[in-house]
Amino acid sequence: MPTSLLKGLNPEQLAAVTLPHESALILAGAGSGKTRVLTTRIAHLIQSGQASPNGIFAVTFTNKAAKEMLTRLGALLPINTRGMWIGTFHGLANRMLRAHHREAGLPALFQILDSADQLGAIKRLLKALNVDDEKYPPKQLQHFINGCKEEGLRAHLVEAFDPYTRKQQELYAAYDEQCQREGVVDFAELLLRCYELLLRETALRQHYQSRFRHILVDEFQDTNHLQYQWLKLLAGEQAAVFAVGDDDQSIYAFRGARVGNMADFERDFHVEKVIRLEQNYRSHGNILDAANALIRHNQSRLGKNLWTAEGSGEPIRVFEAHSDYEEASFIVDEVKALQREGVPLSGIALLYRSNAQSRVLEHALFNAAVPYRVYGGLRFFERQEIKHALAYLRLIGNSNDDGALLRVINFPTRGIGARSLESLQEIARSEGVSLWQAAQLRRLSGKAGATISAFTALIESMREVCAALPLPEQVEHMLELSGLVTHYKNEKEGADRLENLNELINAAAGFEIEYSQEESEGASNVLAAFLTHASLEAGDNQAIAGQEALQLMTVHAAKGLEFHAVFLSGLEEGLFPHENAARERDGVEEERRLMYVAITRARRRLYISFADSRMLHGQLRYGIASRFLEELPAQLLKRINRTGSEQAMQQPTAGAASASTSDSGWQIGQAVSHPKFGPGIIINSEGRGADARVQVSFSHAGVKWLALEYAKLEAG
DNA sequence: TTCCAACTGTTTTTT
DNA sequence: ACAGTTGGAA
């Protein structure tokens with residue numbers, strides 16, 4: 001039995017799984033069996049007696065990855081994986097904070113704010129402090145605050161040299177005070193609080209350090225500064241950290257991920273062994289060759305080359321369309337052809353750089369009656385009606401949650417208007433208490449006092465009724481008592497929302513079953529746990545299994561997935577790499593990694609397409625093939641033309657490509673050359689006479705607007 | 001309080 | 001192009 005775990009591992013995988021108790025970095029290429037190594041390592045540690053399930057700490061980024069790890073581990077070992085410290089960064093931090101909420105300075109039933117809640121809290125703060133939200137846009141402030149927290153910086157530690165930053169710093173401090181007063185915690189705060197808790201409480205830190213002798217980290221390249229510090233603190237001197245990641249798949253720098261953590265890790269943890277998993281079990285050779293050739297253009301990488309024992313397979317198909325419209329119809333035709341060959345639609349993915357590109361594609365698919373599913377978008381717990389319902393539940397759990405109170409005090413409408421609220425807020429402000437507490441003071445007279453008292457009485461009665469009930473019935477009562485059900489029954493478009501509210505009752509029922517099976521570690525209550533679940537897992541936005549459907553998503557969303565066939569669309573300069581990326585430091589390298597991720601999603605067949613023109617922001621834009629296309633070895637590519645009989649049917653927009661740039665004599669699509677920037681192609685134009693400008697996409701100098709009067713352009 | 005018109009900002013996204 | 005937000009009028 002002991003050997004069966006290790007059977008079928010290749011030498012590198014085996015080496016990684018059976019490493020001794022020391023920190024190690026596993027560079028796991030795309031499709032190299034990363035999750036298998038991670039789960040088998042845990043199983044091996046337990047089975048060989050090197051660790052007990054209690055001594056393992058394994059952390060991922062997404063709930064999906066955590067769940068996958070748990071199920072696979074359950075399949076490898078006959079142990080109860082519940083109770084093990086395996087979860088997301090935020091989930092595990094939350095767990096630790098719940099267990100030690102007193103030491104962390106939090107109420108037992110602290111609530112978690114999701115991004116939207118946080119933004120709401122910031123807007124509320126600005127209003128209360130009379131801050132001009134034009135000068136300090138809430139979104140920007142949110143970004144500032146989260147950025148600071150992710151750097152591990154509290155407001156008083158922020159270095160502010162200019163008045164603007166000082167003001168932001170001040171607002172950051174006020175925001176934290178507000179959260180503390182209300183007993184709520186945002187995502188970044190979960191981690192920072194937990195980090196500070198361990199830093200401050202020596203006994204606690206030592207307890208966990210000696211307990212978790214094995215720390216395993218998935219997708220290490222995506223960790224931010226705070227997450228790294230947190231891991232370092234938790235590891236102490238004794239733990240072995242098993243970090244698995246792929247620097248070539250680092251595509252989240254824009255949200256704070258620091259690939260540099262990988263190099264720091266090697267140094268800080270005295271890593272002796274860097275193991276490279278380079279054998280790919282997913283794709284055919286040509287696809288891997290293309291991916292390798294592309295990523296070699298990046299300067300900063302740890303170095304890795306994927307290979308496969310399979311044959312080279314088919315060439316990569318490249319298609320140039322006249323327009324986005326034609327690109328879409330080409331894809332539809334090819335998808336149908338694949339379908340005829342027997343490829344299930346769910347095995348085909350249609351990828352794009354940005355969400356806006358899905359429109360044309362969806363339109364074409366809809367017209368051709370090809371079933372498809374778009375990933376991304378609103379998730380279950382983010383829906384308006386669900387958020388309203390959750391706000392009632394939050395108030396039952398913690399009446400000081402001003403955000404929740406403001407959300408539903410007049411929803412459904414019960415005659416509490418802006419003026420009543422303002423007087424209530426005035427009392428709360430002057431007394432330094434929450435809105436709920438302000439209401440308890442009963443200082444408001446007349447109608448406002450009566451309606452507000454009626455509201456607090458309503459919540460109190462909900463709390464009473466719910467106290468002894470199972471969770472789903474609590475939700476049901478709340479929905480009735482609050483008037484939400486009646487409200488949506490009367491609304492003409494309310495049917496879907498009612499259905500979602502019913503689904504919330506189901507979700508509560510499902511959650512309660514899960515919850516009761518778990519050994520209740522913290523003595524928290526079901527309701528609080530359910531609310532935590534709602535914030536930390538906004539619902540599946542990925543895994544809605546359904547009928548056979550073509551899979552549409554951004555390249556980012558496709559990370560970690562694989563498909564028999566992949567269509568990669570919109571491979572144009574400005575789109576992919578995105579034009580904004582050129583301005584950011586290492587922006588193009590990150591875009592190239594994104595392209596690398598896209599290519600390596602394909603198992604057997606890869607299509608890459610681009611269009612000479614497409615509608616963008618309501619304007620027709622002309623583009624040229626992405627530089628990434630040119631970075632792929634020509635011998636791996638096969639340029640193809642449209643199949644079938646529609647080939648001759650040209651699209652109406654195609655003719656626009658030859659439109660003259662008024663009276664200037666230059667034409668869109670014309671090859672030109674500039675003394676400084678070199679050769680290029682005119683892709684857009686505007687103005688006439690002395691104001692006439694053309695946009696030129698240069699082969700080496702990027703895309704630029706040039707005034708015809710001054711630029712010494714030559715036909716070429 | 002509700003509704004509509006004008007206005008805005010459009011890369012990627014998890015927790 | 002288009003969706004989401006905001007501000008003013010009814």
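Throughout, a chain's letter reflects where its sequence line sits, starting with A, and its residues are numbered from 1.
Judged by distance alone, with hydrogens and angles left aside, S115(A) brings a side-chain donor or acceptor within reach of the base of dT15(B), the pair sitting under 3.5 Å.
Distance from the side chain of R419(A) is smallest for dT1(B) among the nucleotides dT15(B), dT12(B), dT1(B). Considering only side-chain atoms of R255(A), the nucleotide from dT15(B), dT11(B), dT13(B) that sits closest is dT13(B). Picking from dT10(B), dT15(B), dT12(B) the nucleotide with the shortest atom distance to the side chain of S354(A) gives dT12(B). Of the candidate nucleotides dT15(B), dT10(B), dT12(B), dT15(B) has the atom nearest to the side chain of F187(A). Among dT15(B), dT11(B), dT13(B), the nucleotide with an atom closest to any side-chain atom of Y252(A) is dT13(B).
No cation-pi contact links R593(A) to Y596(A), judged by a cut-off of 6.0 Å to the six-membered ring centre and 45° from its axis.
Contact annotation for E189(A): no contact, since no heavy-atom pair falls under 4.0 Å across all strands. When heavy atoms are screened at a 4.0 angstrom cut-off, D186(A) is found touching no nucleic acid atom at all. Using a 4.0 Å heavy-atom criterion, one finds that A418(A) contacts the sugar-phosphate atoms exclusively.
Between Q619(A) atom CD and dT10(B) atom P the separation is 17 Å, expressed in whole Å. Distance, K139(A) NZ to dG9(B) C1': 9 Å, rounded to whole Å. Atoms CD (E591(A)) and C1' (dT11(B)) sit 8 Å apart, rounded to a whole Å. One atom, CE of M595(A), and another, P of dT12(B), lie 18 Å apart when rounded to the nearest Å. Between F411(A) atom CZ and dT1(B) atom P the separation is 13 Å, expressed in whole Å. In this structure, L616(A) places its CG atom 17 Å from P of dG9(B), rounding to the nearest Å. For the pair L97(A) CG and dT15(B) P, the interatomic distance rounds to 18 Å; values are reported in whole Å. For the pair L536(A) CG and dT13(B) P, the computed distance is 20 Å after rounding to whole Å.
Taking the nucleotide of DNA chain B with the nearest heavy atom to each of L594(A) and N410(A), the more 5' of the two is matched to N410(A). Between A538(A) and E590(A), the residue anchored nearer the 5' end of DNA chain B, judged by the nucleotide with its closest heavy atom, is E590(A).
Atom name C1', nucleotides dT11(B) and dT6(C): the rounded distance is 25 Å, in whole Å. Straight-line distance between the C1' atoms of dA3(C) and dT14(B): roughly 23 Å, to the nearest whole Å. Taking atom P on both nucleotides, dT5(C) is separated from dT12(B) by 16 Å, rounded to a whole Å.
Under the side chain to side chain donor-acceptor pair (under 3.5 Å) rule, R614(A) has a single partner from H322(A), Q357(A), E572(A), which is E572(A).
Using the six-membered ring where Trp is involved, Y172(A) and F144(A) have ring planes that are perpendicular, over 60° apart on the 30 and 60° scheme.
Stacking of the aromatic ring of F254(A) onto the base of dT12(B) is found: the ring centres lie under 5.5 Å apart and the planes are inclined by under 30°. Judged by centroid separation below 5.5 Å and plane tilt below 30°, H578(A) stacks onto the base of dT11(B).
Note on E631(A) versus R592(A): salt bridge recorded, some NZ/NE/NH1/NH2 to OD/OE distance being below 4.0 Å. Between K559(A) and E219(A) there is a salt bridge, with a side-chain nitrogen of the basic residue lying less than 4.0 Å from a carboxylate oxygen of the acidic one.
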Run E579(A) and R621(A) through salt bridge (Lys or Arg N to Asp or Glu O under 4.0 Å) and show every step you take. CA-CA 13 Å; E579(A) 52 194 347; R621(A) 296 247 305 224; 3.6 Å; yes

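Between the OG1 atom of T600(A) and the CD atom of E562(A) there is a distance of 10.5 Å, given to the nearest 0.5 Å.
A close approach under 4.0 Å does occur between a side-chain nitrogen or oxygen of N355(A) and OP1 or OP2 of dT12(B).
For an aromatic pair to be called close, the ring centres must be under 6.0 Å apart, and H388(A) with Y488(A) fails this.
Checked by atom type, the side-chain pair Q142(A)/Q118(A) shows a donor-acceptor distance below 3.5 Å.
For DNA chain C, the outermost nucleotides in 5' to 3' order that have an atom under 4.0 Å from a heavy atom of chain A are dA1(C) to dC2(C).
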